[in-house]
Amino acid sequence: MSRISELLAAMTLEEKIGQLVMVSLGAETIVTGPKAAQEPSVADVRAGRVGSALNLVGRDRIHALQKVAIEESRLKIPLLFGLDVVHGYFTNAPAPLGETAAFRPDLWEKTARLAAEEACDDGIHLTFAPMLDCARDPRWGRIVEGPGEDPTVGRAFARAKVRGFQGDDPASPWSLAATAKHFAAYGAATAGRDYASAEISERTLHEVYLPAFEAAVKTGCLAIMPAFSDIAGRPVTGDRRLLTELVRERWGFEGIYVSDYDAIGELVAHGVAADMAEAAALALKAGMDLDMESRAYPDGLKVALDRGLVSLELIDATVARVLCVKERLGLFDAPFGRGDPNRPAPSTRLDRRAIVREAAIASLTLLSNRDGLLPLASTGGRVAVIGPFAEDTAQMIGPWCGLGDQDEIVTIRQGLTAAFPTRELVFARGCAPDYVEDDADEEKDTALIAEAVALAATAEVIVLVLGEPAELSGEAASRADPTLTGRQAELADRVLALGRPTVILMTCGRPLIETDLLERADATLVAWYPGSEGGHAIADVLAGSRAPAGRLPVSWPIAIGQIPVFFGERPSGRPYVPGEHFTTQYLDIPNAPLFPFGHGLSYTTFEIEPPIVSAATFRAAEGLRLSTRVRNAGERAGSTTVYLFARDVVASTSRPLLELKRFETLELASGETREIVFALGAGDFELLGPDLAPCCEPGRFDLSVGFSADRAGLKTISVELRADPVVA
Ligand code: NOJ
């Protein structure tokens with residue numbers, strides 16, 4: 001008999017339910033639900049009433065509780081410890097949306113690996129990451145946590161992160177189990193309001209919101225967290241069709257579902273369960289394994305069993321899955337393996353600092369650079385650095401920063417001071433970063449603004465450090481007006497009115513819609529929340545020792561009324577024609593975003609040749625090779641990202657104007673030309689047919705390459721997919 005069957009045979013009902021319970025313990029980390037963090041209940045662990053915990057940190061505390069489970073509980077089943085290790089544990093990489101801007105799966109994987117090493121070293125087994133929610137609405141604060149608007153990018157991000165967190169062997173003491181979250185369509189919350197219902201079509205669910213999760217499953221992720229929210233009235237936490245029939249049975253998922261915080265109990269508030277017993281039964285039957293903090297399983301599952309709503313067999317099967325994941329993580333054989341103080345992490349602190357600096361440089365996104373204002377010369381007149389964030393550590397690491405070591409964060413001021421030893425730098429905060437509530441603070445801001453403008457007036461160049469305070473980004477941080485907070489816009493307006501060369505350095509977790517200011521600035525560099533080495537990375541780029549390499553992973557709207565704006569739109573029957581009234585358009589703003597997906601400048605310029613293909617007509621099974629040549633036409637080295645888009649011109653269901661198929665980031669020396677080859681297979685020409693089953697429909701495809709999703713800049717070739725021969 002296997003270990004798991006033996007255990008199941010020996011367990012009481014209370015112990016079985018205990019294995020499905022995950023409690024929040026510890027007060028140092030963010031707790032995202034209704035209940036306050038609590039001290040570990042040793043009695044519950046000893047009695048087997050708890051099988052997993054989240055939010056407890058520190059290897060000594062984790063090991064102390066594990067010791068109770070292993071030495072004092074009847075069946076000695078190890079506990080599983082989870083935490084939100086999203087973009088770092090002590091050392092932070094850029095927040096995920098920023099990191100996505102690097103378009104570098106190799107870096108995405110490396111930063112996940114280093115986060116895993118630090119978290120495992122502290123005794124953690126499981127992270128609630130990667131967050132894979134496609135997001136097209138910057139009103140939704142959680143857009144910062146994921147890979148942006150495109151499903152192909154989401155897939156690549158999913159693979160890299162799962163590989164990075166888990167490594168090759170889940171049982172290794174350096175492997176952190178990954179949780180793909182929040183399955184699914186959480187990012188489609190109505191009007192960008194967190195926790196709101198997603199009203200999307202079945203087709204959009206499958207084409208846009210599910211692919212990243214499928215990629216995570218196929219890469220072997222050990223856990224999935226269903227979203228709190230519902231899709232068209234079906235809360236995902238209770239949706240058997242999605243959790244079991246699609247993901248387990250069709251995709252072959254073999255890990256566990258961890259509920260989101262309180263989500264099983266919230267099935268009652270959703271109005272699909274009358275009480276905790278019904279909520280527990282609905283979730284268990286849907287396929288949910290761990291109940292994070294809702295008490296629906298501990299309080300409701302036995303009642304559900306007594307009422308005949310669930311069977312003991314189903315409880316057993318669920319417990320077996322949880323034990324199986326504990327076994328795959330090596331917890332039975334080495335319950336103290338993660339966090340062993342005698343086993344040093346494979347990477348050093350210096351390695352980790354170097355990687356996050358590299359990731360930050362790669363993510364910095366230069367939106368504009370009039371007359372080559374950037375990089376700034378190392379000598380010259382005074383530089384005024386104006387704005388509320390130049391000395392702010394929290395602003396560097398952003399939300400969900402794990403234990404983000406505050407003392408180790410390089411601020412913008414520190415970075416610039418180190419990078420410009422021979423140029424005079426002066427600093428002024430200008431205003432509070434956030435909204436102010438009383439008259440005294442308002443007055444203080446007025447004085448700060450006046451002082452900052454006066455200082456800026458004495459400078460040769462101005463760097464305006466603006467943004468969205470990190471605490472206004474992330475979970476429960478929806479904003480109907482995603483613009484600069486507090487009086488920053490007024491500050492910027494007055495500084496720009498001085499007419500001096502001015503750079504806007506934007507620190508943010510979403511596109512901030514400030515079209516007028518961005519158009520007036522001579523240069524805009526989006527730093528996102530760049531991580532522990534953010535100050536150095538920003539200074540490297542401003543001083544020109546490195547070139548910015550980020551590209552927008554989301555379209556940057558021109559106005560709030562444009563939301564959602566994304567490149568994968570379907571064609572209209574009345575495409576926009578300038579001057580033609582009855583075509584799809586706004587009367588007051590353009591259709592196009594201010595900056596398209598993929599946009600980002602370097603300190604050099606690149607040229608791309610029209611693509612060539614291995615065959616103008618082909619069959620799906622044969623696939624196709626498309627190549628193009630990219631040249632660095634400028635004076636400096638730099639990197640660029642090439643995107644390959646397809647359009648299926650005529651199909652049974654109208655297809656998006658552009659579908660991203662591949663991207664590749666390459667570094668080129670001045671004058672260097674390189675060929676890029678993309679191999680396309682049958683899957684690249686597939687669509688979901690009228691019944692949502694994948695199929696290939698013969699006909700013309702337009703394949704386009706370019707440096708962003710701006711259709712005007714793409715180079716296109718048409719190919720013909722031939723029907724497969726009919727088999728008699
Ligand atoms: C709620 C959030 O939605 C989720 O992303 C997170 O993992 C859990 N809380 C645990 O902190």
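Computed from a predicted structure; not experimentally measured. Computation of the quantities below employed the complete heavy-atom set of this structure, encompassing side-chain atoms and omitting hydrogens, waters and symmetry-equivalent molecules. Order of appearance sets the numbers: ligands from 1, and atoms from 1 within every ligand.
With respect to the salt-bridge test (charged N to carboxylate O, under 4.0 angstrom), the residues Asp289 and Arg248 qualify. Under the 4.0 Å criterion applied to side-chain N and carboxylate O atoms, Lys181 and Asp84 are assigned as salt-bridge partners. In this structure, Arg479 does not pair ionically with Asp481, as no charged nitrogen and carboxylate oxygen lie closer than 4.0 Å. Arg241 and Glu202 are joined by a salt bridge, as a carboxylate oxygen and a charged side-chain nitrogen come within less than 4.0 angstrom of each other. For Glu533 and Arg353, the salt-bridge test passes: some basic side-chain N is under 4.0 Å from an acidic carboxylate O. A salt bridge is defined here as a Lys NZ or Arg NE, NH1 or NH2 lying under 4.0 Å from an Asp or Glu carboxylate O, and Glu408 with Arg352 fails to meet this definition.
Residue Asp260 has at least one nitrogen or oxygen atom sitting less than 3.5 Å from a nitrogen or oxygen atom of ligand 1, judged on distance alone. Of the polar atoms of Lys181, at least one N or O is found under 3.5 Å from an N or O of ligand 1, judged by distance alone. Backbone and side-chain nitrogen or oxygen atoms of Arg142 are examined, and one is located within less than 3.5 angstrom of a nitrogen or oxygen of ligand 1. Between His182 and ligand 1, an N or O atom pair is found at a separation short of 3.5 Å. In terms of N/O distances under 3.5 Å, ligand 1 is not approached by Trp400.
When only modelled atom types and interatomic distance are considered, Tyr195 and Glu475 share a side-chain donor-acceptor pair under 3.5 Å.
For ligand 1, the atoms sitting less than 4.0 Å from at least one non-hydrogen atom of Phe128 are 7 (O), numbered in the order shown with element in parentheses. Atoms of ligand 1 lying under 4.0 Å from any heavy atom of Phe228, numbered from 1 in the order shown and given with element: 1 (C), 3 (O). Using a 4.0 Å cut-off to heavy atoms of Met225, the atoms of ligand 1 that qualify are 4 (C), 7 (O).
In Leu54, the part holding a heavy atom less than 4.0 Å from any atom of ligand 1 is the side chain.
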